[in-house]
Participant: 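Just passing along the structure, written as structure tokens.
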Amino acid sequence: MRIDFAAELDPEQYRAVTTTEGPVLIVAGAGSGKTRVIIYRIAKLLSMGVPQEAILALTFTNKAAKEMAERARTLVRKPLRDLTISTFHSFGASILRKDIGHLGWKENFSIYDESDRARAVKECAREMGFSMDTFDSWKISSLFSALRAGHGELAGDDMQYRHLYDEYRKSLNVYNAVDFDDLIAMPLELFAAHPDVAARWKSRYRYVLIDEFQDTSRQQYDLMMAICGNDVCAVGDDDQSIYSWRGADFGNLLRFERDFPGLAEIRLERNYRSTGSILEAANAVISHNAKRKKKALWSPSGSVGTPLVISEHPDDSAEAEAVVAEMKKLRFSEHLPWDAFGILVRTNAQARVIEEALMETAVPYRTAGGPSFYQRKEVRDMLAYMRVAANPDDDMAVLRVLNVPRRGIGKAGMERLVGLARSRNVSVHIAGEMLERAPDGRIAEKLAAEVSSFFALTVRFRERVQSRAAPLSAALRDLVRDAGYWRYLLEEHRDDDKAAAWKYRNIELLAASIERWEKDPDTLDAGLFAYLARVALVTRDDPDDEEGKVSLLTIHAAKGLEFDTVFLPGCEEGIMPHAKSVEEGGGDIEEERRLFYVAITRARKRLFLSRCAARRVRGGTQATPSLPSSFLAEIPAGLLRGPESDTQGKSESEIAKDFFGKMRTMFGGAGPEKEA
DNA sequence: GTGTTTACTTTTTTT
DNA sequence: AAGTAAACAC
């Protein structure tokens with residue numbers, strides 16, 4: 001590895017990379033080469049002879065972790081198998097994987113996502129006799145999540161759930177499961193109760209690097225402090241803090257300065273990404289925030305670029321069509337590939353209309369919104385089978401597939417089992433065994449037999465995988481057959497076998513992706529548990545940057561990315577800033593502004609802002625017409641211009657298309673689509 | 001015990 | 001609009 005650090009980095013970056021000893025805080029503005037600095041820093045450490053296993057880099061999203069690992073490998077040009085680059089949550093999971101025994105869980109614990117969590121909370125509530133018709137398990141379970149993550153508290157009406165919370169926590173232990181928040185909270189508990197274990201982890205990592213530091217929560221900060229020594233480097237930008245709703249606390253920047261008084265603070269304000277107009281707009285907008293470290297991005301190239309374009313539309317589908325039309329125009333006039341465009345939305349719901357427009361015009365696109373592949377019913381069923389195999393006490397998984405395909409265990413049977421389990425404070429698996437040993441009557445006997453044949457299926461699966469008789473993917477394919485799942489799909493969709501085939505295909509895709517993962521040389525542990533831990537933490541598909549496609553993303557998902565041209569539809573009061581953040585109490589307008597800032601700074605050359613008066617909201621049209629976002633007024637007028645007049649620079653067919661587009665929005669309902 | 005109909009809410013953002 | 005959960009019929 002030969003890297004000329006001084007030549008490949010600017011002076012501030014160079015300092016950030018080479019200040020390897022002692023605490024460092026890097027305040028890195030948008031587009032200042034933050035990821036680059038981290039990658040080079042890792043390379044620097046390795047070039048100094050630091051062993052890979054002594055380096056820990058923590059990021060916030062799977063996507064960032066993956067990208068960082070890939071870029072580091074490319075730069076260093078050798079495999080980095082012993083380097084730890086992971087998210088806080090998966091790092092927490094790996095700590096628990098080794099040492100959860102100290103806390104009274106078993107190593108084969110399951111990781112619950114929010115739907116498992118909500119369901120578990122619901123079970124507990126039912127058990128405790130809450131009236132289920134008014135009980136909102138999603139709401140309560142996210143309250144519990146906040147509680148566990150160390151923000152939010154039980155107050156007022158919510159006090160009644162205190163006992164329920166305790167019950168929920170107990171039930172997780174019975175299920176031998178932990179939830180997302182436990183992945184951070186439990187390692188902290190572990191370290192507090194077992195200093196020897198803490199010392200072992202701490203001694204392993206000599207150099208610790210934290211990315212997106214502004215998005216870390218207080219607990220994550222504590223976890224960092226438990227692991228790191230004095231050679232710790234935090235990289236962040238308070239202006240890009242957009243996760244406070246899940247406990248991110250950019251007060252950690254101040255805390256860090258206080259906890260490491262002698263730290264070196266390095267500021268990266270040189271922006272290599274955007275034109276002068278875009279930077280000026282971004283700086284102007286963010287300067288309205290009172291709570292921030294003062295800084296200003298500047299462009300070393302000094303190019304001004306084109307003004308930002310703002311346009312208004314009668315409704316959201318007209319807005320979507322305008323975005324598509326503009327892209328087609330630029331693609332032609334500037335020879336831009338599709339992947340030069342990013343369409344950034346505040347909410348996933350906004351993406352729908354745009355997706356329709358893209359599909360209609362056959363524009364290739366990728367999206368990170370919407371439920372992930374792993375959320376699909378048939379895929380979740382398969383994962384549930386695997387989870388039961390790994391951890392038979394995982395009741396949420398058991399209840400999901402115990403009668404899928406139908407085994408004649410209906411509502412009554414389920415209630416019987418769950419009732420028995422709850423009364424003895426054991427999992428359904430154990431309850432099934434108890435029933436088998438001491439059945440009372442014919443029905444119980446039959447029930448017990450069915451339950452045990454279900455578990456036998458999963459045990460067989462586990463044994464094959466663990467004895468390495470078959471790789472996971474092959475074992476899964478067999479399981480689909482042995483469980484009769486394929487036949488079940490056919491029966492479920494008797495009237496359209498297309499749907500059945502589609503679902504079967506998804507299962508095949510799952511098996512194929514497992515196979516790929518198993519064969520990947522970077523997979524250190526191709527075991528069942530490792531796989532499940534991995535997929536549990538993937539809540540969203542990170543679309544592998546497919547080339548040649550427009551990106552349609554939420555602003556949150558777009559953080560860290562950049563595009564030649566960015567579209568920002570929905571610049572309306574209520575969307576951006578979002579209504580939920582404007583209303584009384586917990587709302588945080590500054591965070592919304594940061595979100596707007598993040599969106600603006602994704603653009604390299606062109607930025608198109610748009611808004612519309614009427615938006616379609618679940619069926620009907622929105623009650624009151626929307627007003628323009630108050631953030632728009634914060635952009636200096638000199639940087640903005642309106643859309644070009646309709647006919648300018650357009651081909652005849654485009655003009656014609658526009659004409660029909662207008663007709664459609666004026667009269668509605670022209671064409672095959674139905675009107676709400 | 002299972003299949004069908006009806007009532008109803010929903011996610012702001014993500015690990 | 002869509003998808004789920006509960007209510008209802010078989």
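Lettering follows sequence order; numbering is per chain, from 1.
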Participant: Heavy atoms from C-beta onward define the side chain here; which of dT15(B), dT12(B), dT14(B) lies closest to that of Thr554(A)?
Facilitator: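 It is dT14(B).
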Participant: Quick test of the criterion, 5.5 Å between centres and less than 30° between planes. Is His556(A) stacked on dT13(B) or not?
Facilitator: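 No; centroid distance or tilt outside limits.
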Participant: Which residues satisfy the side chain to side chain donor-acceptor pair (under 3.5 Å) test with Asp182(A), sequence neighbours excluded?
Facilitator: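 Checked Asp182(A) against side chain to side chain donor-acceptor pair (under 3.5 Å); matches are Arg148(A), Arg169(A).
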Participant: Without decimals, in angstroms, what is the distance between Glu415(A) CD and dA6(C) C1'?
Facilitator: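 My rounded result for the distance is 13 Å.
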Participant: Toward the 5' end of DNA chain B, which comes first, Arg407(A) or Leu595(A), by nearest nucleotide?
Facilitator: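 Whichever sits nearer the 5' end wins; that is Arg407(A).
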Participant: Whole angstrom is fine here: how far is it from CZ in Arg148(A) over to C1' in dT14(B)?
Facilitator: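 Rounding to the nearest Å, CZ of Arg148(A) and C1' of dT14(B) are 19 Å apart.
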Participant: Answer yes or no as to whether dT13(B) has its base stacked against Trp245(A), where stacking requires a ring-centre separation under 5.5 angstrom and planes under 30 degrees apart.
Facilitator: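 Taking the rule of under 5.5 Å and under 30°, the ring of Trp245(A) does stack on dT13(B).
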Participant: Return the nearest nucleotide to the side chain of Lys122(A); candidates are dT15(B), dT12(B), dA6(C).
Facilitator: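 So the nucleotide nearest the side chain must be dA6(C).
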Participant: Checking Arg246(A) now: which residues fulfil salt bridge (Lys or Arg N to Asp or Glu O under 4.0 Å) with it, not counting sequence neighbours?
Facilitator: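 For Arg246(A) there are no salt bridge (Lys or Arg N to Asp or Glu O under 4.0 Å) partners, ignoring immediate neighbours.
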Participant: Please give, in whole Å, the distance from dT12(B) P to Lys559(A) NZ?
Facilitator: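 That distance rounds to 21 Å.
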Participant: Is Asn348(A) near enough to dT12(B) that one of its side-chain N or O atoms lies under 4.0 angstrom from OP1 or OP2?
Facilitator: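 Answer no for this pair, as no side-chain N or O of Asn348(A) is under 4.0 Å from OP1 or OP2.
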Participant: Just checking Phe60(A): base, sugar-phosphate only, or nothing, at a heavy-atom cut-off of under 4.0 Å?
Facilitator: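 Sugar-phosphate, no base atom in range.
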Participant: Report the distance from atom CG of Asp116(A) to atom P of dT14(B), rounded to the nearest whole Å.
Facilitator: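 Atom-to-atom, Asp116(A) to dT14(B), this comes out as 19 Å.
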Participant: From C-beta outward on Lys377(A), which listed nucleotide comes closest to its side chain: dT15(B), dT13(B), dT4(C)?
Facilitator: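 Out of dT15(B), dT13(B), dT4(C), the nucleotide with an atom closest to Lys377(A)'s side chain is dT4(C).
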Participant: Does dT14(B) have its OP1 or OP2 closer than 4.0 Å to a side-chain nitrogen or oxygen of Thr61(A)?
Facilitator: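 For dT14(B), neither OP1 nor OP2 has a side-chain N or O of Thr61(A) closer than 4.0 Å.
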Participant: Do Gln214(A) and Asp238(A) have a side chain donor and acceptor closer than 3.5 Å?
Facilitator: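 Result is no, nothing qualifies.
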Participant: When you measure from the side chain of Asn403(A), which nucleotide among dT2(B), dT15(B), dT14(B) comes out closest?
Facilitator: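 Given the options dT2(B), dT15(B), dT14(B), the side chain of Asn403(A) is closest to dT2(B).
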Participant: Kindly state whether the ring of His556(A) and the ring of Tyr243(A) have centres lying under 6.0 angstrom apart.
Facilitator: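 Centroid separation for His556(A) and Tyr243(A): below 6.0 Å.
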Participant: Would you mind telling me which residue lines up with the more 5' stretch of DNA chain B, Arg346(A) or Ile409(A), judged by nearest nucleotide?
Facilitator: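 Looking at the nearest nucleotide for each, Ile409(A) comes out on the 5' side.
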Participant: Provide, to the nearest angstrom, the distance between the CZ atom belonging to Phe596(A) and the C1' atom belonging to dT13(B).
Facilitator: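 Spelled out: CZ on Phe596(A) to C1' on dT13(B) is 17 Å.
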Participant: Is it true that Asp381(A) and Arg376(A) make a salt bridge, defined as a side-chain N closer than 4.0 Å to a carboxylate O?
Facilitator: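 No, this pair does not count.
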Participant: Given atom CD of Glu114(A) and atom C1' of dT11(B), what is their separation to the nearest angstrom?
Facilitator: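 In whole Å, dT11(B) C1' and Glu114(A) CD are 10 Å from each other.
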Participant: What is the distance, to the nearest angstrom, from the CD1 atom on Ile184(A) to the C1' atom on dT15(B)?
Facilitator: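 After rounding, the gap between these two atoms is 8 Å.
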Participant: Taking atom types as they are modelled, would you say the side chain of Arg406(A) forms a donor-acceptor pair with the base of dT2(B) within the 3.5 Å cutoff?
Facilitator: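 There is none.
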Participant: Using atom C1' in both nucleotides, what's the gap between dT11(B) and dA6(C) to the nearest angstrom?
Facilitator: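 Looking at atom C1' only, dT11(B) and dA6(C) are 22 Å apart.
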